[in-house]
**Student:** 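Below you will find the structure I want to go over with you.
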Amino acid sequence: MQLARLTRPRQRTISALMQAAAKGQDMSAPDKNPPATLSDGVVDWLTNGTRDERFIDNIFAQMCIRLQQAGIPLKRSTLHVLIHHPQWLGARFMWSDGMREAEIARVDYDVRERSEFIGSPANEMFDGATEVRENLERDPALGRKHALYDEMRTKGLTDYVAWPLYHTLGKRHLITFATDRPGGFEEAHIAALKKLLPVLALVSEIRIKNRLARTLLETYVGAHAGELILAGATRRGTGTTVRAAIMICDLRDFTKISDNWPRDDVIDLLNDYFDAMSEPIARHGGEILKFIGDGLLAIFPLSQPNACANLLHAVTEARAAMVALNERNNGSGRAPLNYGIGVHVGDVMYGNIGSTTRLDFTVIGPAVNMASRLEALTKQVGRPVLLSRDFAELVERKSELERVGEYEVRGFSDPIELFAFHG
């Protein structure tokens, strides 16, 4: 009896399968295909058609245009992403009807304290909301109160929806859509927009992480070194020989300052000093390879036109910036900051140096050592900027240079002829 109870249901199942096969049915298939949505073509494009597109803002703008072409009455859309950058909390990409490219705006770290954020959809998402929907046609007194909604009403928008865009490990970004269609979005429009979110999340995360990797490398090793590393220059001991003008700068009396000043004041001072020195270097084509305590190392490759002249332009602007910084510090009772700059030119080995697990992309060689020695000699000679004869010979406007004599340089057998620069 027990065997019969176990086998009879199985016999009925086999019988049912045979009957189904006789009727030409596929029992493994669903009863019917899922209903198509307006965004199916856009989802397919996001999945298969964006592989060669590097930038998420281009993908975002093209996605909005394709949604319009698919029949979704999209008038405005924004994508808000958090990024790791020393200056900005994130970025906002904004597309409006008729635009071929998205507008990009950077978002400062203090945005969460501003009225533009407080009470906004981004604020609600930050607090955990999973959807913000606002009917912009109804009486404003009955809806959410925020300047963003008032702005959209003045532009004739009728409906607005915002959703979080989920990346891995719980990271949440934000995407919004708005229309000017009378009556707002239909449910079919909302369903279509929701359907593309998971694919957009994957596509955007890849691009944002690529951009994040590039940003972090640019922040910590410089733009040129970052490009080389991303291109695969990560093997220890690999590198190239580069002929370059080398600049080393060092802050005077930093030990005394750091011993006597509050920690936060010391950090602010260093940041202001590095801003004054670094921004002109970057502006004139130099590459800062590293900050060493209160010093910095930068190069101007001679492959660039006018590299030596550009270095002197950078020094001139940096010195003016330091004068302005000292004037501001004097107003707050701080002593002026003094510095020394040594400049030389020569061949350097540019590449990966370090241990098996920790590398530094930098330059080494006698030319770097010479620039360092010249920086140290600025204290002895009493000139804030010293140039080697090798560098001075490459400068066209030699009238700006003052010969200060020959000096013994530690580690080098022959005296070195030195020039001061007063630009």
**Student:** If you apply the rule side-chain contact (heavy atoms from CB on, under 4.5 Å), what do you find for L174 with F126, and how did you get there?
**Tutor:** CA-CA 9 Å; L174 171 66; F126 183 74; over 6 Å; no

**Student:** Quick one: CD1 on I267 to CG on D272, what's the gap to the nearest 0.5 Å?
**Tutor:**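 Separation between the atoms: 12.0 Å.
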
**Student:** Could you check if a side-chain atom of T362 sits within less than 4.5 angstrom of a side-chain atom of V368, using non-hydrogen atoms only?
**Tutor:**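 Heavy-atom side-chain distance check fails, nothing below 4.5 Å.
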
**Student:** Flag the pair E151 and R76 as a salt bridge only when some basic side-chain nitrogen lies within less than 4.0 angstrom of an acidic carboxylate oxygen.
**Tutor:**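 Here E151 does not pair with R76 in a salt bridge, since their nearest N and O are not under 4.0 Å apart.
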
**Student:** I'd like to know if the side chain of H167 reaches the main chain of I206, judged simply by a donor and an acceptor atom lying under 3.5 Å from each other, with no hydrogens or angles considered.
**Tutor:**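 Answer holds: no.
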
**Student:** Within the distance-only criterion (no hydrogens, no angle test), does the side chain of S204 pair as donor or acceptor with the backbone N or O of A201 below 3.5 angstrom?
**Tutor:**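 Yes, S204 side chain to A201 backbone: donor-acceptor pair under 3.5 Å.
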
**Student:** In Å and rounded to the nearest 0.5 Å, what is the CG to CZ distance from L74 to R181?
**Tutor:**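 Reported to 0.5 Å precision, the distance equals 13.5 Å.
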
**Student:** Side-chain contact test, heavy atoms from C-beta onward, threshold under 4.5 Å: evaluate it for M322 versus Y273 and give yes or no.
**Tutor:**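 Heavy-atom side-chain distance check passes, below 4.5 Å.
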
**Student:** Decide, yes or no, whether a salt bridge links E53 with R207 under the criterion of side-chain N to carboxylate O below 4.0 Å.
**Tutor:**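 Between R207 and E53 there is no salt bridge, as every charged N stays at least 4.0 Å from the carboxylate O atoms.
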
**Student:** Just so I know, are the side chains of R133 and F185 near enough to count as touching, which here means a heavy-atom distance under 4.5 Å?
**Tutor:**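 Yes, close enough: below the 4.5 Å cut-off.
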
**Student:** Kindly compute the distance separating OG1 (T179) from CD (Q68), expressed to the nearest 0.5 Å.
**Tutor:**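 Here the interatomic distance stands at 9.0 Å.
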
**Student:** Which heavy atom of A102 sits nearest a heavy atom of F60, and at what distance?
**Tutor:**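 Shortest heavy-atom separation between A102 and F60 comes out as CB-CD2, 4.1 Å.
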
**Student:** Which pair of heavy atoms, one from A244 and one from P301, lies closest together, and at what distance?
**Tutor:**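 For A244 versus P301, the nearest heavy atoms are CB-CA, 3.8 Å.
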
**Student:** Between L67 and L196, what is the shortest heavy-atom contact and its length?
**Tutor:**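 Scanning both residues, the minimum pair turns out to be CD2-CD2, 3.4 Å.
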
**Student:** Assess whether a salt bridge exists between D108 and R114, defined as any Lys/Arg side-chain N lying under 4.0 Å from an Asp/Glu carboxylate O.
**Tutor:**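 Salt bridge present between D108 and R114.
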
**Student:** Counting distance only, does the side-chain N/O of E103 pair as donor-acceptor with the main-chain N or O of M94 below 3.5 Å?
**Tutor:**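 Not confirmed, E103 side chain does not pair with M94 backbone.
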
**Student:** Decide whether Y166 and R172 meet the rule of one side-chain donor and one side-chain acceptor closer than 3.5 Å.
**Tutor:**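 There is such a pair (donor and acceptor under 3.5 Å, judged by atom type) between the side chains of Y166 and R172.
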
**Student:** Taking H284 as the fixed residue, which of E279, E317, H313, Q304 is the one that meets the side chain to side chain donor-acceptor pair (under 3.5 Å) rule?
**Tutor:**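 Result: among E279, E317, H313, Q304, E317 is the only option passing the side chain to side chain donor-acceptor pair (under 3.5 Å) with H284.
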
**Student:** Using side-chain contact (heavy atoms from CB on, under 4.5 Å), reason through Y339 and D294 one step at a time and then give a plain yes or no.
**Tutor:** CA-CA 10 Å; Y339 55 90; D294 59 329; over 6 Å; no

**Student:** Which atom pair, heavy atoms only, marks the closest approach of E406 to R403?
**Tutor:**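 Shortest heavy-atom separation between E406 and R403 comes out as CG-NH2, 3.8 Å.
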
**Student:** K145 side chain to G143 main-chain N or O, any donor-acceptor pair under 3.5 Å?
**Tutor:**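 Looks like yes, one N/O pair under 3.5 Å.
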
**Student:** Do the rings of Y160 and Y149 sit parallel, tilted or perpendicular, given the 30° and 60° boundaries?
**Tutor:**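 Answer is perpendicular, since the angle exceeds 60°.
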
**Student:** Can you name the nearest heavy-atom pair linking L46 to V203, along with the distance?
**Tutor:**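 For L46 and V203, the tightest heavy-atom pair comes out as O-CG2, 3.5 Å.
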
**Student:** Any donor-acceptor pair under 3.5 Å linking the side-chain atoms of T176 with those of H80?
**Tutor:**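 No, no side-chain donor-acceptor contact under 3.5 Å.
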
**Student:** Has H422 got a side-chain atom pairing as donor or acceptor with E400's backbone, closer than 3.5 angstrom?
**Tutor:**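 The answer is no, because no donor-acceptor pair under 3.5 Å joins these two groups.
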
**Student:** Answer whether the closest heavy-atom distance between the side chains of L302 and C308 falls below 4.5 Å.
**Tutor:**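 Result yes, sub-4.5 Å side-chain heavy-atom pair found.
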
**Student:** F419 pairs by side chain to side chain contact (heavy atoms under 4.5 Å, CB included) with which of V385, L401, V404?
**Tutor:**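 The option that passes is L401.
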
**Student:** Using a 3.5 Å distance criterion without hydrogens, assess whether the side chain of T158 forms a donor-acceptor pair with backbone atoms of P182.
**Tutor:**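 Not confirmed, T158 side chain does not pair with P182 backbone.
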
**Student:** Hey, is the main chain of R410 close enough, under 3.5 Å, to the side chain of R373 for a donor-acceptor pair?
**Tutor:**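 Yes, the answer is positive, given that a donor and an acceptor are paired below the 3.5 Å cut-off.
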
**Student:** Does the pair D250/R252 count as a salt bridge with the N-to-O cut at 4.0 Å?
**Tutor:**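 Judged by the 4.0 Å cut-off on N to carboxylate O distance, D250 and R252 do form a salt bridge.
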
**Student:** Any salt bridge linking D150 with R153? Criterion: basic side-chain nitrogen under 4.0 Å from a carboxylate oxygen.
**Tutor:**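 Looking at D150 and R153, the cut-off is met.
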
**Student:** Are side-chain heavy atoms of T378 and P384 found at a separation under 4.5 Å?
**Tutor:**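 Side-chain contact under 4.5 Å: no.
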
**Student:** Within the 4.5 Å heavy-atom criterion, are I416 and Y407 side-chain neighbours or not?
**Tutor:**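 No. Closest side-chain heavy atoms not under 4.5 Å.
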
**Student:** Side chains of N326 and N330 only: does a donor on one sit below 3.5 Å from an acceptor on the other?
**Tutor:**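 No.
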
**Student:** Counting N and O atoms only, with roles assigned by atom type, does the side chain of S39 sit under 3.5 Å from a partner on the main chain of V42, one being a donor and the other an acceptor?
**Tutor:**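 Flag not set: sc S39 to bb V42 has no pair under 3.5 Å.
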
**Student:** Could you walk me through whether F177 and I72 pass the side-chain contact (heavy atoms from CB on, under 4.5 Å) test, one step at a time?
**Tutor:** CA-CA 10 Å; F177 300 100; I72 296 176; over 6 Å; no

**Student:** Would I59 and W45 count as a side-chain contact (heavy atoms from CB on, under 4.5 Å) here? Give the steps.
**Tutor:** CA-CA 10 Å; I59 293 174; W45 169 77; 4.1 Å; yes

**Student:** Between F391 and A245, which heavy-atom pair has the shortest distance, and what is it?
**Tutor:**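 Smallest heavy-atom distance, with atoms named: CE1-CB, 3.8 Å.
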
**Student:** Is it true that D40 and T37 share a donor-acceptor pair across their side chains at a distance under 3.5 Å?
**Tutor:**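 Distance-only check passes for T37 and D40.
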
**Student:** Please confirm whether the backbone N or O of V161 pairs with a side-chain atom of E131, one donor and one acceptor, at under 3.5 Å?
**Tutor:**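 No; judged by distance alone, with no hydrogens or angles, the pair does not exist.
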
**Student:** Starting at NZ of K209, measure out to OG1 of T168 and round the result to the nearest 0.5 Å.
**Tutor:**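 Result: 3.5 Å between the selected atoms.
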
**Student:** How long is the straight-line distance from CG of L312 back to CG of N306, given to the nearest 0.5 Å?
**Tutor:**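 Between atom CG of N306 and atom CG of L312 there are 11.0 Å.
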
**Student:** If I take atom NZ from residue K75 and atom SG from residue C64, how far apart are they, to the nearest 0.5 angstrom?
**Tutor:**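 Going from NZ on K75 over to SG on C64, the span is 13.0 Å.
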
**Student:** Does the pair K171/E205 count as a salt bridge with the N-to-O cut at 4.0 Å?
**Tutor:**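 Salt bridge: no.
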
**Student:** Quick check: do M63 and R66 have side-chain heavy atoms less than 4.5 Å from each other?
**Tutor:**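 Contact flag for M63/R66 side chains = no.
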
**Student:** Using side-chain heavy atoms (C-beta onward) and a distance below 4.5 Å, is D57 in contact with E101?
**Tutor:**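 No; the side chains remain at least 4.5 Å from each other.
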
